[in-house]
Structure formats: structure tokens, C-alpha cells
J.: 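Handing you this structure, nothing more for now.
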Amino acid sequence: MKIYNTLTKKKEEFVPIEPGKVRMYVCGPTVYNLIHIGNARPMIVFDTMRRYLEHKGYDVNYVSNFTDVDDKIIKKAVEENVDATVISERYIAECKKDMEALHVMPATTHPQATQEIEGMKEMIQTLIDKGHAYAAADGTVYFRTRSFKEYGKLSHKNLDELEGGKRSLLVSGEDQKEDPLDFVLWKPKKEGEPAWESPWCDGRPGWHIECSVMSKKYLGEEIDIHAGGEDLVFPHHENEIAQSEAANGKPFAHYWMHNAFLNIDNRKMSKSLGNFFTVRDIIEKYDPMVLRFFMLSAHYRSQLNFSAELMEAAKNGLDRIRTAVANLQFLLQSAAGEMRVEEEALLAEAKGFADSFDAAMEDDCNTADALSAVFELVKFINSNTNESSSGTFLQALLDEVLTLADILGLAVEKKEELLDADIEALIEKRQAARKEKNFALADQIRQELLDKGIVLEDTREGVKWKRA
RNA sequence: GGCGUGAUAGCCAAGUGGUAAGGCACGGGUCUGCAACACCCUUAUCGCCGGUUCAAAUCCGGCUCGCGCCUCCA
């Protein structure tokens, strides 16, 4: 499989460190609020990446953190007059609910920064011992950026350019830095903030060190894939590389993957613009699978625009897949028999769509292209199955489409659910009316059911229904 | 200013040298009591200019416009 590597700016053939195994780290959210739909993009695309790798037979060790100590969390805790852990634990729980709704598989490990303080202190001490970090007078520990010769290799910046764009030292109160490029590894506590003891001062870790440490602890010093939103390239991931490689003395991640941003109505999502949506907002209005489908309809490295209109289109597209699956299942109820010769030929043709699907996924996880293969399969199914199809043929097609949908994490099977007795009665009453050619009454009942969210379809084999 | 990225039909979106996948929407048709579903048909020469090549949406140069990062925002 080919992966676009931010480090080299090229698509490269993926070769795992250990054959058959993948060590993958995805930067997770800071838990100070419900996650927004921008947070959901990396979760969904890299979950899909993971599902595909597992489909190929890889044993994927997937680690995604929760940043549970941070200025914003502390601010929220102060506002609510509760402990910071109350805030972080609450939003971790909420985030997990959203992830489940979106079919984002739980990570192998979901480490939390506050549970890994010891490891961070160890790595910081190592960096100090090796001359890559230093403690300032007030106990703040900084990374000596210029001591890491390859700094800038991920974001393709050079240090002098960075320095050209620096802001005034005095503004940020960072005048104790040796160099403006240095960044914080450990910062002293302020009144009322959560803090941990350390050799330098009571305080808390900087943001970047947590990922270096958690990645090392759960995946090892050298990992295959490190992923996250493109905004993290600089400075977060650049700093992670500096910390990890300076401390461990070996390459950190072999492949760096970054998803592009999600815009809302062509503008950056922000609270001030009033176009800020949480995942919770959206899944109250739409099936979470529609949001997932929408996210997969574009390449992960392309900017994606979100709007109500596009969600509507996504819903209709997903419904097309679901209808085909429901039809297969409907036909299967009464189908029997072994596959016929001509069906075997058709099935061989249908396998071609799975091959196209794989080829698309092999090419840097091109989910948009993979999805088109699914639609081609759907069309093939709709055109080549009917009441006379054999059960084994129908089942094989059903298995194929469900397998592909599952790699994308899309649930496309209609949930087995029983209709209320009164709705069943209405459907039968309408059938009776149709039999008597009383179409006015039949249409009236159909409308009544539609108002209840039940859509009817009359087929030769009987009446089918589905939720609107 | 530095670095980067993008411009494909009404909308969304694949496609890195050989005469444009797929989806949504629209229109026409078949099926249906009607409808829904489904199927068939119809819809673009790829921002602009120039160049390379037998051949370019795909390569090179210029231009226009959009966007991102350079401020712990995925």
C-alpha cells in the first residue's frame, strides 16, 4: 500500500517495521468540550485506514491519546468550579459516545496525559542529561531546539525563517529562553492549577511531550505511522520528532499522515462565525453514518466543505447502498438453490469491484475512489438480481458489499426492528383498500404512515417499508 | 513576507501522458393504480495564457483566484 508521507512529501510504499504488524499513533482531542466535526475527520479517516490494514491481515496496534491537562480544561474547570478531572473525564466519556456512534473503533490503548506524568519526567530528564533541554530559573524546562539538527524536517521549514517570523519575546514572558525557538517541556504551576512534583518545580507537562512519551510507552521508540490533523505538523509534530529522536537516538515515526481541514460553508469553523458544530449537533439531525459517509466521500488530504446541502446528498447516496442491501436481504428470504453457471460468471465479474476498491485503498487510502467501486457494485447488484436468483449467488453478493462497507466502517444493513402493531395494521388495511381498488383510501393511509416516518414500497413480492 | 496547497459538469468528487470514474440534483423514458425503489437515456474537453510531446486535465513556465500553516485550533 502507498502512503503519502509528509516527511518526504511523496507517496511511499508502506513497509512495516515488523512484518504483519502496524504501530500507529493518532493524536487525539483535548477534552474540554464535546468534540466538533473537525475533530471527527481524523478519527474517521484514520479509523478507516486501520480497518483497511486489518482487512489486509495486519495486526494493528492503534494508540490514540486524550489530552486531559491543558489551559482550556483548566479554564472550564474554574468556570464550573470543579476539579479539572471532572471536566476531562466527562468529555472523554462523551467523546467515546460520539466515536461509537460514528463507528470509530476504540483504540488498542487510549492513554491519558495525566496518567503518564512519570514517563514524561523521565524523558525530560533524559533530554536534559543529553544537553537537549535546560531548566530556567523559575523551573520551566525548555527544549533546546537548535540542538536538534534536523529540526524542521517534517514541516520543511528552516530555523532562520522561523526566527524571522518570531514575535516579541517580552509579550509572552518567555525572556528566560536561551533562544526564541525553544519550546516548553515542563511549566511551573499557577495558583489553583493541577500540578505534579518534579525535580525542576511543581508543575505540569507541555503539550508536545505527552505524545512522544505515550507513543514510546505503548508502541516503542520507533513506530510505523503517526497521524493527525494538518495543523499539527507545526509545531506539534515537529516538536515530537525533536523530543523523541533526541531522547531515543533513533527515528521516531516512519510515515507521517495528515488530514486536511473541514470547512463549514466554505469558511473556517469558528465559534465567532457561528458556524461551529459539534458531532452531537449533527448526529441529532442526521444518522451518524451519513456523517461518516460524507467524510469518506473526499480524499483525506483534500480540504472538505461541510454544509446542510452536502449532508443531504450524502444521505441520499448512503441510502442507495442501503436500499441495494435491503433488496438483497429481501430476495434472500425466499431464494434457494445453488449457483448457476451464468451466476458464477456474474459473480466473478462482481469480484472486480472489490479489486477496484482495494486498488483505491492501496493508493494512499483513497476512500472517495473506493466508494465509487461500492456504487458500481451496487449498480451491478441492482441490475443482476431478481426473484429467480439463487440463494448462494445472492448471499455471495451480499457478503461482498457488506465486507466493503465494513472496511469503510459504514453500517448499511437495516436494523431488525419490529413495527408497532398499529402500523402493521395500517399497512394491512391499505393492502385491503388497494385490493378493492380504493386507491383514495390507500393513498391516505400511505400518507398517514409517511407522517409517522414510514415509507412504503409496493413490489411484486409484497409491501416493503423503511424508515424515512 | 516565508513555506505549502488547490482550481474538473448545477453541486460533490476520482483521475499525474493516450481523447474525462462515481455520487447527488435536473430532464426524458421503462416499471407501478399512483408513488417509491430500480433500470435505460441525456449533462463537462478539465481557471487563463504560452511551451514540451505523435499525444496533456495530467509535464514545464507565467498569470488570476481560493485556502492552509508560520500564534499549544483536528
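Letters go in sequence order (proteins before strands), and every chain restarts at 1. Values reported hereafter were calculated over all heavy atoms of this structure, with side chains retained and with hydrogens, waters and symmetry mates removed.
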J.: Check whether any side-chain heavy atom of A:W256 lies under 4.5 Å from a side-chain heavy atom of A:V233, and answer yes or no.
T.: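 When only atoms from C-beta onward are counted, A:V233 and A:W256 do not touch, as no gap falls below 4.5 Å.
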
J.: With a 4.0 Å cut-off on heavy atoms, is A:D231 in touch with a base, just the backbone sugar-phosphate, or nothing at all?
T.: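 Touches a base.
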
J.: Rounding to the closest angstrom, what is the interatomic distance between B:G61 and B:A9 at atom C1'?
T.: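 The answer is 29 Å between these two C1' atoms.
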
J.: Under the 6.0 Å and 45° cation-pi test, does A:K2 pair with A:F14?
T.: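 The answer is no; the distance or angle limit is not met.
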
J.: Pick the C1' atom in B:A56 and in B:G51, then give their distance to the nearest Å.
T.: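 That atom pair is separated by 12 Å.
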
J.: Would a distance-only check, ignoring hydrogens and angles, find a side-chain to backbone donor-acceptor pair under 3.5 Å from A:T278 to A:I35?
T.: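 Such a contact is absent between A:T278 side chain and A:I35 backbone.
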
J.: If the cut-off is 4.0 Å, is A:N239 near the phosphate of B:C72, judged by side-chain N/O to OP1 or OP2?
T.: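 False: A:N239 side-chain N/O out of range (4.0 Å or more) of B:C72 OP1/OP2.
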
J.: Mind checking side chain to side chain contact (heavy atoms under 4.5 Å, CB included) for A:Y32 and listing every partner two or more places apart, or none if nothing turns up?
T.: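 So A:Y32 forms a side chain to side chain contact (heavy atoms under 4.5 Å, CB included) with A:T30, A:K72, A:I73.
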
J.: Considering just the side-chain nitrogens and oxygens of A:N39, establish if one lies under 4.0 Å of OP1 or OP2 belonging to B:A74.
T.: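 Yes, within the criterion.
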
J.: On a plain distance test, is the side chain of A:K268 in donor-acceptor contact with the base of B:C73 below 3.5 Å?
T.: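 Between B:C73 and A:K268, which were checked side chain against base, a qualifying N/O pair under 3.5 Å is present.
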
J.: Please state whether the phosphate of B:G15, meaning OP1 or OP2, lies under 4.0 angstrom from any side-chain nitrogen or oxygen of A:N366.
T.: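 Indeed, a polar side-chain atom of A:N366 lies that close.
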
J.: With the six-membered base ring of B:A74 as reference, does the ring of A:F261 sit under 5.5 Å away with planes under 30° apart?
T.: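 Here A:F261 meets both the 5.5 Å and the 30° conditions.
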
J.: The side chain of A:K157 is closest to which nucleotide in this list: B:A14, B:C72, B:C69?
T.: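 Side chain of A:K157 sits closest to B:C69.
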
J.: Output yes when A:D363 and A:K11 qualify as a salt bridge under the 4.0 Å nitrogen-oxygen rule, no when they do not.
T.: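 Yes, charged N to carboxylate O under 4.0 Å.
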
J.: When you check the phosphate oxygens OP1 and OP2 of B:C73, does a side-chain N or O of A:K72 lie under 4.0 Å from one of them?
T.: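 Checking B:C73 against A:K72, a side-chain N or O does come within under 4.0 Å of OP1 or OP2.
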
J.: Output one line per pair: protein atom, nucleotide atom from nucleotides 6-12 of chain B, and distance, for all N/O pairs under 3.5 Å.
T.:
none

J.: Can you identify which nucleotide, out of B:C73, B:A74, B:G22, has its nearest atom closest to the A:F375 side chain?
T.: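 Side chain of A:F375 sits closest to B:G22.
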
J.: In terms of relative ring orientation, are A:H132 and A:F143 parallel, tilted or perpendicular, with 30° and 60° separating the classes?
T.: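 Geometry flag for A:F143 against A:H132: parallel rings.
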
J.: Check if the side chain of A:H299 and the base of B:A14 share a donor-acceptor pair of N or O atoms closer than 3.5 Å.
T.: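 Answer no: no donor N or O sits under 3.5 Å from an acceptor.
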
J.: Enumerate all atom pairs, one protein N or O and one N or O from nucleotides 64-66 of chain B, separated by less than 3.5 Å.
T.:
none

J.: Could you list all the salt bridge (Lys or Arg N to Asp or Glu O under 4.0 Å) pairs where at least one residue sits in residues 228-245 of chain A, not counting sequence neighbours?
T.: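 Listed by first then second residue: A:K153-A:E245.
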
J.: To the nearest 0.5 Å, tell me how far A:E428 CD sits from A:Q431 CD.
T.: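 A:E428 atom CD to A:Q431 atom CD measures 8.5 Å (nearest 0.5 Å).
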
J.: For the C1' atoms, the ones on B:A13 and on B:C24, what distance do you get once it is rounded to whole angstrom?
T.: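 Nearest-Å result for B:A13 against B:C24 at atom C1': 11 Å.
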
J.: Within the 4.5 Å heavy-atom criterion, are A:D319 and A:R322 side-chain neighbours or not?
T.: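 A:D319 vs A:R322: side chains touch.
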
J.: Just so I know, are the side chains of A:K351 and A:E400 near enough to count as touching, which here means a heavy-atom distance under 4.5 Å?
T.: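 Heavy-atom side-chain distance check passes, below 4.5 Å.
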
J.: More than 12 non-hydrogen atoms from neighbouring residues, nucleotides or ligands closer than 6.0 Å to CD on A:E100, yes or no?
T.: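 Atom CD in A:E100 is not crowded, with 12 or fewer foreign heavy atoms closer than 6.0 Å.
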
J.: Which protein N or O atoms sit under 3.5 Å from an N or O of nucleotides 18-20 of chain B?
T.:
none

J.: Distance check, P atoms only: B:C41 and B:G4, in whole angstrom units.
T.: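 Going atom to atom, P in each nucleotide, I get 46 Å.
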
J.: What is the per-nucleotide protein-contact pattern of nucleotides 31-45 of chain B, from the 5' end, where B denotes a base atom under 4.0 Å from a protein heavy atom, S denotes such proximity for sugar-phosphate atoms only, and - denotes neither?
T.: --BBBBSSSS-----

